[in-house]
Trainee: 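Have a look at this one before I ask anything.
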Amino acid sequence: MIKKRLVLRFPPDLIDQPITYQLVKEYDLMVNILQGTVTPHEEGRLVVEIGGERKAVEKGLAYLSRLGVELQPLARDVHWHPAKCTHCTVCVPLCPTRAFTVSRENMTVSFDKNRCIACELCVRACPYKAIEILF
Ligand code: SF4
Ligand code: SF4
């Protein structure tokens with residue numbers, strides 16, 4: 001079993017197609033949509049985690065390429081520096097995947113790297129430069 005995090009860019013003519021359904025049904029893959037923006041008649045963009053047996057993942061990605069979907073690995077890595085963080089919570093409502101959360105009990109912020117899709121919203125917003133992107 002492997003997992004890949006990818007940014008998928010769909011040309012306008014593919015937006016209405018049940019592509020993720022096909023990946024699940026025909027290629028036996030797990031598709032977790034982490035973030036998506038799809039506007040009718042324009043390009044669509046999905047950040048997904050695709051999981052399954054290695055061969056199945058390869059076949060599924062080849063299927064996407066044949067259709068004309070542009071694939072880009074989510075290669076950037078977000079690093080949180082707890083020592084610099086003041087727990088101001090600015091990043092918490094900005095994060096679309098709830099990678100940053102705040103404990104209501106002690107009002108401390110924590111970061112779950114596995115949920116992060118490297119959208120960079122928090123990186124730009126953090127007033128204390130406690131979050132950085134590693135390439
Ligand atoms: S915005 Fe920066 S300083 Fe504030 S809670 Fe988030 S990581 Fe910490
Ligand atoms: S880059 Fe920041 S805002 Fe974007 S998903 Fe990761 S933790 Fe959340």
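Sequence positions, counted from 1, serve as the residue numbers for this chain. Read the numbers this way: they start at 1 and go in the same order the structure lists the ligands and their atoms.
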Trainee: Against heavy atoms of Phe100, which atoms of ligand 2 measure under 4.0 Å?
Mentor: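 Answer for ligand 2: 7 (S).
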
Trainee: With a 4.0 Å heavy-atom cut-off (strictly under), which part of Ile131 contacts ligand 1: side chain, backbone, both or neither?
Mentor: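 Looking at Ile131 and ligand 1, just side chain atoms fall under 4.0 Å.
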
Trainee: Under a 4.5 Å cut-off applied to non-hydrogen side-chain atoms, are Leu8 and Glu70 in contact?
Mentor: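 Answer no - side chains too far apart.
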
Trainee: Could you tell me, atom by atom, which parts of ligand 2 come under 4.0 Å of a heavy atom of Phe111?
Mentor: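 Ligand 2 atoms under the 4.0 Å threshold to Phe111: 7 (S).
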
Trainee: Search all heavy atoms of Val123 against all heavy atoms of Glu132 and return the closest pair with its distance.
Mentor: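 Scanning both residues completely, I find the closest heavy atoms to be CG1-CA, 4.5 Å.
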
Trainee: Can you tell me which residue and heavy atom of the protein come closest to atom 8 (Fe) of ligand 1, and the distance to 0.1 Å?
Mentor: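 In this structure, atom 8 (Fe) of ligand 1 has Cys85 SG, 2.3 Å as its nearest protein heavy atom.
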
Trainee: Counting each atom of ligand 2 from 1 as listed, which ones have a heavy atom of Ala99 under 4.0 Å away?
Mentor: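 Atoms satisfying the 4.0 Å criterion: 7 (S).
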
Trainee: Please name the pair of heavy atoms, one in Gly60 and one in Leu23, separated by the smallest distance, quoted to 0.1 Å.
Mentor: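 For Gly60 versus Leu23, the nearest heavy atoms are O-CD2, 3.7 Å.
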
Trainee: Show the numbers, then the answer: is there a side-chain contact (heavy atoms from CB on, under 4.5 Å) between Tyr128 and Cys88?
Mentor: CA-CA 9 Å; Tyr128 300 97; Cys88 71; 4.3 Å; yes

Trainee: Which protein non-hydrogen atom lies closest to atom 4 (Fe) of ligand 2, naming both residue and atom, and how far is it?
Mentor: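 Answer, as residue, atom name and distance: Cys119 SG, 2.3 Å.
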
Trainee: Where do Cys91 and Val109 land on the side-chain contact (heavy atoms from CB on, under 4.5 Å) test, with the steps shown first?
Mentor: CA-CA 9 Å; Cys91 56; Val109 168; 4.3 Å; yes

Trainee: Can any side-chain N or O of Lys4 pair as donor or acceptor with the backbone N or O of Val57 at less than 3.5 Å?
Mentor: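 Pair absent, no side-chain N/O of Lys4 close to backbone of Val57.
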
Trainee: What residue and atom, counting heavy atoms only, is the protein's closest point to atom 2 (Fe) of ligand 1, and at what distance?
Mentor: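 For atom 2 (Fe) of ligand 1, the nearest protein heavy atom is Cys126 SG, 2.3 Å.
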
Trainee: Any N/O/S atom from Cys122 (main chain or side chain) under 2.8 Å of atom 2 (Fe) of ligand 2?
Mentor: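 Coordinating: yes.
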
Trainee: Verify the neighbour count for atom CZ of Arg124: are there more than 12 heavy atoms of other residues, nucleotides or ligands below 6.0 Å?
Mentor: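 Counting neighbours around CZ of Arg124, more than 12 heavy atoms of other residues, nucleotides or ligands fall under 6.0 Å, so yes.
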
Trainee: If you count the atoms of ligand 2 from 1 in the order shown, which ones are under 4.0 Å from a heavy atom of Thr97?
Mentor: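 Those qualifying, in numeric order: 5 (S).
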
Trainee: Using a 4.0 Å cutoff against the non-hydrogen atoms of Tyr128, which atoms of ligand 1 qualify?
Mentor: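 Near Tyr128, the atoms of ligand 1 are 3 (S).
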
Trainee: Using a strict cut-off of 4.0 Å, indicate which atoms of ligand 1 neighbour a heavy atom of Thr89.
Mentor: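 By the 4.0 Å cutoff, the relevant atoms are 4 (Fe), 5 (S).
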
Trainee: For atom 6 (Fe) of ligand 1, what's the nearest protein heavy-atom neighbour? Residue, atom name and distance, please.
Mentor: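 Among all protein heavy atoms, the one nearest atom 6 (Fe) of ligand 1 is Cys91 SG, 2.4 Å.
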
Trainee: Do side-chain atoms of Arg115 reach the backbone of Thr97 as a donor and acceptor pair under 3.5 angstrom?
Mentor: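 The answer is yes, because a donor-acceptor pair under 3.5 Å joins these two groups.
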
Trainee: Please work out, at 4.0 Å between heavy atoms, whether the side chain, the backbone, both, or neither of Val109 comes within that distance of ligand 1.
Mentor: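 Val109 to ligand 1: side-chain contact only, backbone stays beyond 4.0 Å.
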
Trainee: Which residue supplies the protein heavy atom nearest to atom 1 (S) of ligand 2, what is that atom called, and how far is it?
Mentor: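 Going by distance alone, atom 1 (S) of ligand 2 is nearest to Glu120 N, 3.3 Å.
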
Trainee: So for atom NZ, which belongs to Lys129, do other residues, nucleotides or ligands contribute more than 12 heavy atoms lying within a distance under 6.0 Å?
Mentor: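 Open.
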
Trainee: Which pair of heavy atoms, one from Lys59 and one from Tyr27, lies closest together, and at what distance?
Mentor: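 Scanning both residues completely, I find the closest heavy atoms to be O-CE2, 3.7 Å.
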
Trainee: Just to check, does Trp80 reach to within less than 4.0 Å of ligand 1 when the distance is taken from its heavy atoms?
Mentor: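 So Trp80 counts as touching ligand 1.
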
Trainee: Shortest non-hydrogen contact from Ile131 to Cys126?
Mentor: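 For Ile131 versus Cys126, the nearest heavy atoms are CD1-CB, 3.9 Å.
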
Trainee: Counting from 1, what ligand 2 atoms have a heavy atom of Cys95 closer than 4.0 Å?
Mentor: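 Listed by number with element, the hits are 3 (S), 5 (S), 7 (S), 8 (Fe).
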
Trainee: For ligand 1, indicate whether the residue His87 contacts it via side chain, backbone, both or neither (heavy-atom separation under 4.0 Å).
Mentor: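 Backbone only.
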
